[in-house]
Amino acid sequence: MAGKITFTIIKPGAVSHEYIGPILKIINENGFHIAGLKMVGLRRRQAEKFYAIHKDKPFYNSLIEFMISGPIVVAALEKENAVEEYRKLIGSTNPEKAAEGTIRKLFAESMERNAVHGSDSDENAQNEVKFFFSEIEIFSISENSIF
Ligand code: CMP
């Protein structure tokens with residue numbers, strides 16, 4: 001059964017361009033409840049851990065440098081079928097291929113500086129929320145939450 005939680009990062013490029021407000025507005029307008037929210041700065045070893053799955057990719061080093069280059073905003077988002085619904089809302093990883101009206105079409109600068117991250121499975125969503133949040137920082141409205 002599809003879960004009700006997904007996880008997002010508003011990445012350094014979007015934060016520095018003052019897109020936090022506009023992106024959160026779109027998230028709310030599309031029916032997501034913001035169950036957890038904070039601005040943080042990743043240290044290198046934390047970024048490397050979060051993106052460990054990509055460590056053999058040619059873009060890995062550059063991705064890590066980018067993700068530690070400035071503050072990020074992390075959020076736990078709730079909606080029915082959250083992972084799939086949020087991936088639809090953010091659009092393709094490559095902003096040139098992202099559909100009109102999607103967050104990446106509106107705010108991404110490139111494939112790497114693609115404005116936001118979104119979990120790609122329920123299992124990863126749970127792990128990613130737990131990576132950034134503790135139980136007292138999540139205000140879930142659904143019964144089977146993460147903690
Ligand atoms: P994200 O959803 O955070 O997951 C992995 C990230 O790697 C992705 O968004 C992009 O920022 C980056 N990425 C994925 N593919 C490429 C690519 N081909 N070139 C550069 N960066 C990429």
Side-chain angles (χ1 to χ4, degrees), residues 1-134 137-138 140 145-147:
M1 201 183 77
K4 294 179 179 171
I5 289 269
T6 193
F7 169 79
T8 191
I9 300 176
I10 303 177
K11 298 188 182 185
V15 171
S16 68
H17 283 100
E18 306 292 353
Y19 294 151
I20 299 170
I23 290 172
L24 291 177
K25 182 169 188 276
I26 292 173
I27 288 170
N28 271 153
E29 284 171 350
N30 281 271
F32 289 89
H33 166 69
I34 297 171
L37 181 72
K38 59 187 174 184
M39 187 186 284
V40 297
L42 283 172
R43 295 195 172 84
R44 183 177 300 276
R45 69 183 156 75
Q46 296 159 339
E48 287 173 352
K49 192 173 169 197
F50 186 79
Y51 280 120
I53 193 171
H54 296 300
K55 68 174 182 301
D56 297 326
K57 305 267 175 61
F59 57 81
Y60 176 74
N61 288 334
S62 173
L63 175 64
I64 299 302
E65 293 301 330
F66 169 53
M67 291 303 293
I68 66 174
S69 68
I72 59 173
V73 170
V74 294
L77 307 176
E78 270 183 312
K79 187 181 183 175
E80 289 294 333
N81 200 13
V83 167
E84 196 185 325
E85 288 293 305
Y86 191 61
R87 288 180 76 77
K88 267 195 270 171
L89 181 62
I90 65 179
S92 171
T93 305
N94 182 347
E96 284 172 22
K97 294 187 183 153
E100 288 299 328
T102 59
I103 291 174
R104 284 171 172 161
K105 184 72 179 182
L106 289 166
F107 302 112
E109 301 158 77
S110 68
M111 185 95 124
E112 178 177 272
R113 302 173 69 91
N114 62 354
V116 290
H117 164 81
S119 307
D120 62 6
S121 68
D122 289 339
E123 188 187 352
N124 284 342
Q126 301 266 327
N127 291 336
E128 290 170 2
V129 171
K130 285 179 182 165
F131 186 93
F132 283 99
F133 292 95
S134 65
E137 295 172 314
I138 295 293
S140 176
S145 184
I146 330 167
F147 294 103

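As the structure is a computational prediction, the values presented were derived from the model and not from experiment. Counting starts at 1 for both ligands and their atoms, in listed order.
In the vicinity of Arg104, heavy-atom distances shorter than 4.0 Å reach the ligand 1 atoms 2 (O). Listed by number with element, the atoms of ligand 1 under 4.0 angstrom from any heavy atom of Asn114 are 8 (C), 9 (O), 10 (C), 11 (O). Residue Tyr51 approaches ligand 1 through these ligand atoms, each under 4.0 Å from one of its heavy atoms: 1 (P), 3 (O), 4 (O), 5 (C).
Ring geometry, Tyr19 versus His17: the interplanar angle falls under 30°, so the pair is classed parallel (tilted spans 30 to 60°). Ring-plane geometry between Phe7 and Phe132 is classed as parallel, the angle between the planes falling under 30 degrees on a 0 to 90 degree scale with a further cut at 60.
Regarding atom 14 (C) of ligand 1, its nearest protein heavy-atom neighbour is Phe59 CZ, 3.5 Å. Scanning all protein heavy atoms for the shortest distance to atom 2 (O) of ligand 1 gives His117 ND1, 3.1 Å. Among all non-hydrogen protein atoms, the one lying nearest atom 5 (C) of ligand 1 is His54 NE2, 3.4 Å. For atom 6 (C) of ligand 1, the nearest protein heavy atom (residue, atom name, distance) is Leu63 CD2, 3.8 Å. In this structure, the protein non-hydrogen atom closest to atom 18 (N) of ligand 1 is Met111 CE, 3.3 Å.
In this structure, Lys38 is positioned above the aromatic face of Phe133, its NZ or CZ under 6.0 Å from the six-membered ring centre and within 45° of the axis. Within the cation-pi definition used here (under 6.0 Å to the ring centroid, within 45° of the axis), Lys55 does not qualify as a partner of Tyr60.
Across Glu48, Arg43, Arg44, Gln46, a single residue satisfies side chain to side chain contact (heavy atoms under 4.5 Å, CB included) together with Ile68, and that is Arg44.
Residue Thr93 has no nitrogen or oxygen atom sitting less than 3.5 Å from a nitrogen or oxygen atom of ligand 1, judged on distance alone. Ligand 1 has a nitrogen or oxygen under 3.5 angstrom from a nitrogen or oxygen of Lys11.
Nearest heavy-atom pair across Leu106 and Gly101 is CD1-O, 3.7 Å.
Listed for the Ser62 side chain is no donor-acceptor partner under 3.5 Å among the backbone atoms of Phe59. With hydrogens and angles ignored, the 3.5 Å screen pairs a side-chain donor or acceptor of Lys79 with a backbone N or O of Asn30.
Residue contacts with ligand 1 for Arg113 are absent, since no atom lies close enough (heavy atoms, distance under 4.0 Å).
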